[in-house]
2 protein chains.
Amino acid sequence: MLTEERHQLIRDRLAADGKVLAGELASRFGVSEDTVRRDLRELAKAGQLRRVYGGAVPSGPFAAAPLSQRSRHAVEEKTRLAKAAVALLGAGQSLFIDGGTTNEAIARAIPRDMELTVATNSLGVASALTDLPLVELIVLGGRYMPDLGTCVGTDTLAAVAQLGADLFFLGSCGLDITRGVTAFDSAEAEVKRAMARNSAGIVIAVTNDKLATAAPYRVAEADAIRHLVVERSAPPATLADFQSRGVQVHFA
Amino acid sequence: MLTEERHQLIRDRLAADGKVLAGELASRFGVSEDTVRRDLRELAKAGQLRRVYGGAVPSGPFAAAPLSQRSRHAVEEKTRLAKAAVALLGAGQSLFIDGGTTNEAIARAIPRDMELTVATNSLGVASALTDLPLVELIVLGGRYMPDLGTCVGTDTLAAVAQLGADLFFLGSCGLDITRGVTAFDSAEAEVKRAMARNSAGIVIAVTNDKLATAAPYRVAEADAIRHLVVERSAPPATLADFQSRGVQVHFA
DNA sequence: TTGTTTCTTGCATGAACAGGCAAAACATGC
DNA sequence: GCATGTTTTGCCTGTTCATGCAAGAAACAA
């Protein structure tokens, strides 16, 4: 049996059943489990499935919640980033928080006894904040974008324009020293720009994979960032570039 | 059974039922309760649910009340009401949905293949609709009221004023034949009035305990209601009063 | 309060895993 | 045909992960 033949059958089964088991595939194909694991590893590297312990599940649109695609490691990593980011907060401050899983982790990391005013266009962030008794929550409405988990559009922009904040937690973007902060969507970028305009300082918390990447739409220059929260394992050369632009770097 | 598979099933059940019990999941999956508890802990850490004693509830506004306060009967009752209410919908319609647990149940009961445009000021309703691919969701922002689970205020009113809907699902209110529809909060009532003004028909789904009760703030007259969805055990005398005012009564 | 249920933590076990290695299958050049 | 290099595959080794069990802590109920 050809390698490519197996790959195709794995894709088919995954589409049909919603999951595959390594052992089951091995006996079905008449090869060792090691070979199947290698197949799954390659397909996962190509983004055609998501590897899980014991087998694999579909990636992309099949998985209901975008969150479910995040690996366990990424969750812990983002939780660490979130704790470090929350340490930048002072009682009584007002914040803009936009979308992204890292920002949701930050929202969850805010302690219950902290008094804040938070305006967000992310439903995930808003949900996380509803439990906090001392947070005054302002929801920035608008057209909801399922892919982003945030509201965008003229209604959102109008709501942002009426507010101001001490800090803006800018999330889920590309970050590059020359291109600055960039976003994947035009409407999303517009909201981010409005929030940046109306806040005194920008905070960005990113995992390593976001560093030194860029997306089509520009949001802000690199030197507009006040605080950058990164993993301990972030490449020092990249960080030095940002520091030379006046960005304060914090390690999670 | 894959760990990821269990996680997905837990998410599904949570979305469908509004709660899950650790012991029930353990016997359903054929694993120990410890494993289920670990699953729930991980999902909670990822923000996909909220852990409570004995099981878990959806994260965000759903979880406002502890599990013990949401009796099993009420959940099932509201699910039945929701199914009957959803039967009133037609494809392609536009809706206002405001807050309340019954309206959240209605949002969860909307089938995946129904095309709708929904504007809501309830974070719970919005969260329930994010999974539906064919629903265009418009979030009505504003100041978030933790007790109500909805946004209110001038921003909300302004957003409502720009929209129109075929139906308005009016929730969590008192209902009385002489005083009409009433609400417990002034700002909440104002938003409800605005939604009523801009929609062609009002739908109210209530459990028996809401019938023949009144709250301070008036929202609409009894004869402004087009559809009233009630339990089968609702008192016929009360229903007859409403029917004489031109209200169509539907049984769950 | 007392008693019961549920929860967390630590630990042991077995399954699943990644990486290295060597044999087999295959292709390529002479 | 033979030699060479590449790819694929299976096996081995140590490591990681998921799970269940047990003990103590915490939350709930009476």
Side-chain angles (χ1 to χ4, degrees), chain A residues 1-11 13-14 17-59 68-77 79-80 108 112 131 233, chain B residues 1-11 13-14 17 19-59 63-75:
Chain A
M1 151 140 12
L2 271 59
T3 306
E4 188 53 39
E5 204 176 346
R6 283 200 312 275
H7 286 196
Q8 189 55 50
L9 288 170
I10 290 172
R11 278 189 287 261
R13 265 196 94 72
L14 205 52
D17 300 349
K19 65 157 184 174
V20 290
L21 303 177
E24 188 183 309
L25 291 174
S27 63
R28 175 174 300 267
F29 295 155
V31 297
S32 75
E33 295 196 13
D34 302 73
T35 302
V36 171
R37 272 192 273 273
R38 259 184 282 253
D39 290 338
L40 294 178
R41 219 181 304 170
E42 287 170 24
L43 289 168
K45 196 172 180 181
Q48 306 193 16
L49 52 78
R50 189 165 62 93
R51 194 74 170 83
V52 297
Y53 196 84
V57 294
S59 67
S68 64
Q69 297 174 28
R70 279 21 178 203
S71 72
R72 184 196 180 124
H73 172 260
V75 168
E76 290 177 355
E77 205 44 81
T79 305
R80 266 202 296 280
R108 280 197 298 276
R112 287 187 70 83
D131 290 334
S233 57
Chain B
M1 148 124 41
L2 295 170
T3 305
E4 184 60 32
E5 206 176 347
R6 284 198 311 274
H7 287 192
Q8 188 57 50
L9 289 171
I10 290 172
R11 279 189 287 261
R13 263 195 95 73
L14 207 51
D17 301 348
K19 67 166 183 177
V20 290
L21 303 177
E24 190 183 307
L25 291 174
S27 62
R28 174 176 298 268
F29 295 153
V31 297
S32 76
E33 295 196 13
D34 301 76
T35 301
V36 170
R37 273 190 271 273
R38 256 184 284 252
D39 290 339
L40 295 178
R41 216 182 308 164
E42 286 171 23
L43 289 169
K45 193 173 179 183
Q48 305 191 14
L49 51 78
R50 182 195 166 91
R51 194 76 170 82
V52 297
Y53 195 84
V57 293
S59 61
L67 184 59
S68 56
Q69 291 179 24
R70 327 176 115 218
S71 76
R72 189 187 185 86
H73 172 259
V75 169

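Values below: every heavy atom of this structure, side chains too, minus hydrogens, waters and symmetry copies. Chain letters run A, B, ... following the sequence lines, proteins first, then strands; residues in each count from 1.
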Please enumerate all residues that pass side-chain hydrogen bond (donor to acceptor under 3.5 Å, both in side chains) together with [X], with sequence neighbours excluded.
X     : value
A/E4  : A/R11
B/S27 : none
B/S32 : B/T35

Practice task
Show your working on side chain to side chain contact (heavy atoms under 4.5 Å, CB included) between B/D39 and B/H7 and close with a plain yes or no.
Solution key: CA-CA 7 Å; B/D39 290 339; B/H7 287 192; 3.1 Å; yes
Tell me: [atom1] of [X] to [atom2] of [N], nearest whole Å?
X     : N      : atom1 : atom2 : value
A/L2  : D/dT7  : CG    : C1'   : 12 Å
A/L21 : D/dA18 : CG    : C1'   : 15 Å
B/L25 : C/dT6  : CG    : P     : 13 Å
B/H7  : D/dC17 : NE2   : C1'   : 13 Å
B/D39 : D/dT19 : CG    : P     : 7 Å

Practice task
Apply salt bridge (Lys or Arg N to Asp or Glu O under 4.0 Å) to A/R13 and list each qualifying residue two or more places apart in sequence or on a separate chain.
Solution key: A/D17, A/E24
Practice task
Report the end-to-end axis angle of the helix from C/dT1-D/dA30 to C/dC30-D/dG1; each axis comes from five terminal pairs, and the value is rounded to 10°.
Solution key: 40°
Side chain proximity check, [X] to [Y], heavy atoms < 4.5 angstrom:
X     : Y     : value
A/R6  : A/T3  : yes
A/L49 : A/L40 : yes
B/M1  : B/V31 : no

Handout entry: Contact letters for nucleotides 9-22 of chain C, in which S counts primed atoms plus P, OP1 and OP2 and B counts the base, heavy atoms under 4.0 Å
Key = B-----BBSSB---
Exercise for the section: Determine: side-chain N/O of B/T3 to OP1/OP2 of D/dT19, distance under 4.0 Å, yes or no. Expected result: yes
